[in-house]
Protein chains: 2
Amino acid sequence: MGSLDQTFHALGDETRRTILAQLLNGEASVSELANQHDMTLTGVSNHLRVLNEAGLVRVEKRGRTRHCRIEPMVLKEASDWLDDYRCFWVRQLDNMAHVLKGIDE
Amino acid sequence: MGSLDQTFHALGDETRRTILAQLLNGEASVSELANQHDMTLTGVSNHLRVLNEAGLVRVEKRGRTRHCRIEPMVLKEASDWLDDYRCFWVRQLDNMAHVLKGIDE
DNA sequence: CGTAAAGTCAAGTAGTTGCTTCACTATACG
DNA sequence: CGTATAGTGAAGCAACTACTTGACTTTACG
């Protein structure tokens, strides 16, 4: 379902990241999500489609409202990909710590 | 320098992720990077500009060649952002483990 | 000097994105 | 029934993306 291309593309938009942050507090309807964005309901619906197709958000129809919630495994895949680069910044932070220690003495 | 928008946008392209993966093995020139992509040198150069402006790659001119290397702190920022969602997939994995345990017994 | 290599810059192009408006469907409520 | 609410779908538009070609600059080497 969600390729890394789709995942990172979906995350590369402030509105979509804000939507995910809203969903940290639990599920929400499309209208509830849209209320906090200076944008049309259709605009938010488009963003939700991107998030859904990337596998980041699941939408469930209940009556006439859609309830959205985070689907975390694709986020985990992105995090796992970034882990391959962790050694680089750990080393950089170690170097900084070393320099700071030198200053302290 | 690199906003999350720029970071995730830069990561949302397979060619650019491959370039980063190439740089895991140490620094490389633009031509060396381009050799492994079915693309013009100019094309790869464009991708490197995106990575550079996002703060993901640092380019240093030495003689007539440019040497590129990973600049990891922006990757760390992206990883830190994803950490806010970690609890979601940990919970999901716990549930899966619980189900599997139930099957074993 | 002349020529080749490494790479950027500018311009063009086909496709994509983000957003809107308008029309529409489906559910709820009086 | 009629009307309001929740949301999608289609079409349109300005801006951006990924990529190319061709001209150019800078460095290296004989």
Side-chain angles (χ1 to χ4, degrees), chain A residues 1-23 26-71 74 78, chain B residues 2-23 26-71 74:
Chain A
M1 176 181 289
S3 64
L4 277 175
D5 267 21
Q6 281 181 297
T7 306
F8 284 127
H9 170 251
L11 295 179
D13 181 279
E14 166 72 21
T15 302
R16 287 193 287 264
R17 287 197 306 278
T18 304
I19 288 174
L20 287 176
Q22 291 175 260
L23 294 177
E27 64 177 38
S29 70
V30 180
S31 304
E32 285 167 349
L33 294 170
N35 281 340
Q36 309 192 36
H37 297 272
D38 191 14
M39 195 184 300
T40 315
L41 187 64
T42 305
V44 173
S45 181
N46 287 341
H47 283 302
L48 280 167
R49 184 171 39 74
V50 173
L51 288 166
N52 182 69
E53 288 176 359
L56 290 164
V57 162
R58 172 171 295 270
V59 182
E60 186 187 344
K61 187 175 172 182
R62 252 181 257 157
R64 67 181 159 178
T65 78
R66 267 76 169 174
H67 294 256
C68 313
R69 64 173 188 276
I70 292 178
E71 187 76 75
V74 172
Chain B
S3 65
L4 277 175
D5 268 21
Q6 281 181 296
T7 305
F8 284 127
H9 170 252
L11 295 179
D13 180 280
E14 165 72 20
T15 302
R16 288 194 285 265
R17 287 197 307 278
T18 305
I19 289 174
L20 287 176
Q22 291 175 260
L23 294 177
E27 64 177 37
S29 70
V30 180
S31 303
E32 285 167 351
L33 294 170
N35 282 339
Q36 308 192 37
H37 297 272
D38 192 15
M39 195 185 297
T40 315
L41 187 63
T42 305
V44 173
S45 181
N46 287 341
H47 283 302
L48 280 168
R49 185 170 40 72
V50 173
L51 288 166
N52 181 247
E53 288 176 357
L56 290 165
V57 162
R58 171 171 296 267
V59 182
E60 186 186 343
K61 187 176 172 182
R62 253 180 256 157
R64 67 179 160 179
T65 78
R66 266 78 168 173
H67 293 258
C68 311
R69 64 173 188 279
I70 291 178
E71 188 76 73
V74 173

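Within every chain, numbering begins at 1; the chains are lettered A, B, ... in the order of the sequence lines, protein sequences first and strands thereafter. For the numbers below, each heavy atom of this structure counts, side chains included, while hydrogens, waters and symmetry mates do not.
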Looking at every strand, decide which applies to B:N46 at a 4.0 Å heavy-atom threshold: base, sugar-phosphate, or nothing. base
Contact class for B:G43 (heavy atom, under 4.0 Å): base, sugar-phosphate, or nothing? base
Measure [atom1]/[X] against [atom2]/[N] and give the value in whole Å, please.
{"X": "B:E14", "N": "D:dT17", "atom1": "CD", "atom2": "C1'", "result": "17 Å"}
{"X": "B:R62", "N": "D:dA28", "atom1": "CZ", "atom2": "C1'", "result": "16 Å"}
{"X": "B:H67", "N": "C:dA6", "atom1": "NE2", "atom2": "P", "result": "11 Å"}
{"X": "B:M39", "N": "C:dG7", "atom1": "CE", "atom2": "C1'", "result": "16 Å"}
{"X": "A:E60", "N": "D:dT8", "atom1": "CD", "atom2": "P", "result": "14 Å"}
{"X": "A:E53", "N": "C:dG18", "atom1": "CD", "atom2": "P", "result": "12 Å"}
{"X": "B:K61", "N": "D:dA28", "atom1": "NZ", "atom2": "C1'", "result": "13 Å"}
{"X": "B:R66", "N": "D:dT25", "atom1": "CZ", "atom2": "C1'", "result": "9 Å"}

Residue closer to the 5' end of DNA chain C, B:S31 versus A:H47 (nearest nucleotide): B:S31
Closest nucleotide of DNA chain C for B:S29 versus for A:G12: which of these residues is on the 5' side? B:S29
Heavy-atom closest pair (B:N52 atom, B:V57 atom, distance to 0.1 Å) is ND2-O, 2.9 Å
Would you name the heavy atoms of A:Q6 and A:A54 that are closest together and state the gap between them? O-CB, 3.9 Å
Nearest to the side chain of B:L41, which nucleotide is it out of C:dG7, D:dA18, C:dA5? C:dG7
So, OP1 or OP2 of [N]: does either fall under 4.0 Å of a side-chain N or O from [X]?
{"X": "A:R16", "N": "C:dG18", "answer": "yes"}
{"X": "A:S45", "N": "D:dT8", "answer": "yes"}
{"X": "A:T65", "N": "D:dA6", "answer": "no"}

Between A:E60 and A:R62, does any side-chain N to carboxylate O distance fall below 4.0 Å? yes
Look at the side chain of B:R64 and the base of D:dT26, then say whether one donor and one acceptor between them are separated by less than 3.5 Å. no
Among B:V44, B:V50, B:L56, side chain to side chain contact (heavy atoms under 4.5 Å, CB included) partner for B:R16: B:V50
Given that B:V50 and B:T42 both sit by DNA chain D, which one's nearest nucleotide is further toward the 5' end? B:V50
Would B:V59 and B:L51 count as a side chain to side chain contact (heavy atoms under 4.5 Å, CB included) if you check the C-alpha gap in whole Å, the side-chain angles of each, and the deciding distance to 0.1 Å? CA-CA 10 Å; B:V59 182; B:L51 288 166; over 6 Å; no
